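The structure displayed is predicted, hence computed values, not measured ones. One-based numbering, in listed order, for ligands and for the atoms of each.
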Amino acid sequence: MDSPTRLDIRHPDHSESPTKSSMDNLLGLLRIRVKRGVNLAVRDVRSSDPYVVVRLGRQRLKTRVIRKDINPEWNEDLTLSVSDPNEPVHLTVYDHDTFSMDDKMGDAEVDIKPFINALKIPLDGLPNGTIITKILPARANCLAEESSVLWKDGKVIQDICLRLKNVECGELELQLNWIELPGAKGL
Ligand SMILES: [Ca+2]
């Protein structure tokens, strides 16, 4: 039989570029203000040199090291791109050491769903400081105290105080902000 040779022809036009597809899934940017640590664990002789590593999916960002302070004030903004609101943000505190491996000073997760859901509600015209959602501390989250999602200065923010796990002591204070991205899928 005279059958033509089948060729496996790939059509490059049909394959999406990774840049485009990741942009299609992008909801926007989550800006985490890492404000301060409170009563963090001692990992050197009398103090620690703490910094915070923030992870979301494959993204990993960190604050600067603050020397010899277990009540450090970072007030540093770390910005992550969000594609899946069900994915929690992981935070780990480390003690920087010059001549050995950095020691862990606890970790925590943040569920960003309540914050993302609040962003979908039309809020224009609400009085400044209106509380949209409150999240209570529970066994399933790492909250040290009640956390509020607020309408403040024309935007949605969430203040969070985390109790660090896998460590003897320490809390971490954060604030969540949202940045809409032109060209992204959005909420
Ligand atoms: Ca150290």
For OD2 in D49 and OD1 in D44, the angle at the Ca ion (ligand 1) (nearest 10°) is 120°

What one should report as the nearest heavy-atom pair of N71 and N39 is OD1-N, 2.8 Å

Of all N, O or S atoms in D97, the one closest to the Ca ion (ligand 1) is OD1

The single option from D84, L80, N86, V82 that satisfies side chain to side chain contact (heavy atoms under 4.5 Å, CB included) with I112 is V82

| Under a single-linkage definition using a 4.5 Å side-chain heavy-atom cutoff for Ile, Leu, Val, Met, Phe, Trp and Tyr, are W74 and L61 assigned to the same hydrophobic cluster? | yes

Of all heavy-atom pairs linking I70 and A41, the shortest is CG2-O, 3.8 Å

Closest to the Ca ion (ligand 1), among the N/O/S atoms of H96, is atom O

The atom name of the N, O or S atom in D95 nearest to the Ca ion (ligand 1) is OD1

